[in-house]
Amino acid sequence: RMAEPSPPASGTPAPFDGGSGDDLEKYTLRGVRQIQQLLQDLITHRGLITAHTGGGNSFMTAVLRVDEDRRRVMLDASPDPQANRRALAAPRLTCVTQIDGIRIQFPLSGLSEGQDKGRPALFAPLPTEMLRLQRREFYRLQVPLTHELSCLLKAEDLGRKPVEASARVIDIGAGGIAVLLPAGTAEFVIGGVLPGCRLALPDGEPIELDLEVRNINRQTQRNGTEQLRVGLRFAALPRTADTRIQRYIFKTERELNAKARGGI
């Protein structure tokens with residue numbers, strides 16, 4: 001069995017849900033060799049994958065091996081048996097991850113369970129296509145854990161009473177953020193707007209802004225706990241906020257690139 005995948009700097013994106021089919025065609029790989037190479041890249045980068053089973057459920061996994069002769073891929077099984085049962089029962093598993101800021105998404109079907117050196121694993125035929133989105137407008141910076149970036153969300157609880165929830169920002173881009181918080185902390189509705197939220201960036205005072213809920217996914221973490229990943233669009237930004245957000249992204253990218261080169 002390969003070494004345990006390194007945790008990413010943040011969470012992974014939800015399934016991409018924008019753009020027309022023609023628009024995305026040039027970013028879709030269908031060649032067998034291309035697909036096998038991209039899956040091998042995921043192994044090399046020890047990338048953590050969010051596998052969506054439908055109904056807002058997902059679990060964290062990783063590509064363990066690519067069997068080129070049998071044209072199948074092996075994934076790490078979840079420590080949560082229920083998550084594995086959902087994956088095996090799902091007609092399709094949507095896998096989402098990132099490599100160097102490039103969003104990668106691919107479907108798997110026909111999953112089966114087995115063993116890899118005595119430990120549970122999931123097997124599936126090689127995907128017939130993989131989406132590799134590298135357009136700059138879709139780029140989302142994965143926030144390093146050490147930055148402890150947070151956003152205070154003003155939402156409602158199950159009883160529709162106002163509640164303030166502090167959520168960890170796991171990625172950020174020009175159009176919005178994704179946050180992670182414990183399941184049950186607050187109730188979110190896709191399309192709902194959360195007014196007066198406060199995004200805390202390292203430089204200066206928190207930014208007060210309105211956020212629109214775009215997607216909600218329940219994730220089973222590798223330790224078995226459940227968290228919500230909520231994708232939020234900037235619905236209303238103060239005039240100077242966009243500049244501050246872009247400055248933070250640029251500065252963080254520069255620091256990460258320098259660290260990767262051994263410069264710091």
How long is the straight-line distance from CG of Leu209 back to CG of Asp242, given to the nearest 0.5 Å? 11.5 Å
Distance-only criterion, 3.5 Å: show the donor-acceptor pairs between side-chain atoms of residues 84-92 and protein atoms not counting sequence neighbours.
unit_1	atom_1	unit_2	atom_2	d
Asn84	OD1	Ser78	N	2.9
Asn84	ND2	Ser78	O	2.8

Decide whether Leu152 and Ile172 are clustered together by the hydrophobic rule: side chain heavy atoms of Ile, Leu, Val, Met, Phe, Trp, Tyr closer than 4.5 Å, transitively. no
Any Lys/Arg nitrogen of Glu226 or Arg218 sitting under 4.0 Å from an Asp/Glu carboxylate oxygen of the other? yes
By the side-chain hydrogen bond (donor to acceptor under 3.5 Å, both in side chains) test, which pairs, at least two apart or in different chains, include something from residues 29-41? Glu25-Arg30, Arg30-Glu129, Arg33-Gln36, Arg33-Glu68, Gln37-Asp41
Distance check, rounded to the nearest 0.5 Å: Asn215 atom CG versus Arg233 atom CZ? 12.5 Å
Hey, mind stepping through Leu38 and Leu29 against side chain to side chain contact (heavy atoms under 4.5 Å, CB included) and telling me if it holds? CA-CA 9 Å; Leu38 190 49; Leu29 305 180; 3.8 Å; yes
Mind running side chain to side chain contact (heavy atoms under 4.5 Å, CB included) on Ile170 and Val179 for me, showing each step along the way? CA-CA 5 Å; Ile170 57 177; Val179 300; 5.9 Å; no
Nearest heavy-atom contact between Ile43 and Val63 is CG1-O, 3.4 Å
Straight-line distance of Thr28 OG1 to Arg132 CZ, nearest 0.5 Å: 12.0 Å
Value rounded to 0.5 Å, distance of CG in Asp67 from CZ in Arg72: 5.5 Å
Is it the case that more than 12 heavy atoms not belonging to Gln246 sit under 6.0 Å from its CD atom? yes
Counting N and O atoms only, with roles assigned by atom type, does the side chain of Asp157 sit under 3.5 Å from a partner on the main chain of Lys161, one being a donor and the other an acceptor? yes
Would you sort out whether Phe106 and Val73 count as a side chain to side chain contact (heavy atoms under 4.5 Å, CB included), showing the intermediate values? CA-CA 12 Å; Phe106 57 95; Val73 60; 5.9 Å; no
Can you tell me how far the CG atom of Leu126 sits from the CG atom of Leu108, to the nearest 0.5 Å? 9.0 Å
Please output the side-chain donor-acceptor pairs of residues 184-208 that fall under 3.5 Å, not counting sequence neighbours, one pair per line with the distance.
unit_1	atom_1	unit_2	atom_2	d
Thr185	OG1	Pro182	O	2.6
Asp203	OD2	Arg247	NH1	3.1

Closest non-hydrogen atom pair, Thr61 against Ala51: CG2-CB, 4.0 Å
Verify, without hydrogens or angle tests, whether Gln115 (side chain) and Arg119 (backbone) share a donor-acceptor contact under 3.5 angstrom. yes
With ring centroids as reference points, do His52 and Phe59 lie under 6.0 angstrom apart? no
Straight-line distance of Leu75 CG to Ile49 CD1, nearest 0.5 Å: 6.0 Å
Check whether Thr220 reaches the backbone of Gly224 with its side chain - one donor and one acceptor, N or O, closer than 3.5 Å. no
Ser166 and Ser150 have their tightest heavy-atom pair at OG-CB, 4.3 Å
Do NZ/NE/NH1/NH2 and the carboxylate oxygens of Asp171 and Arg103 come within less than 4.0 Å? no
What are the two closest non-hydrogen atoms of Tyr248 and His147, and how far apart are they? OH-ND1, 2.8 Å
Under a 4.5 Å cut-off applied to non-hydrogen side-chain atoms, are Cys151 and Leu153 in contact? yes
Test log, rule side chain to side chain contact (heavy atoms under 4.5 Å, CB included), inputs Gln219 and Ser58: CA-CA 5 Å; Gln219 296 185 345; Ser58 65; 2.9 Å; yes
Path from Val163 to Leu181 over hydrophobic side-chain contacts below 4.5 Å: no
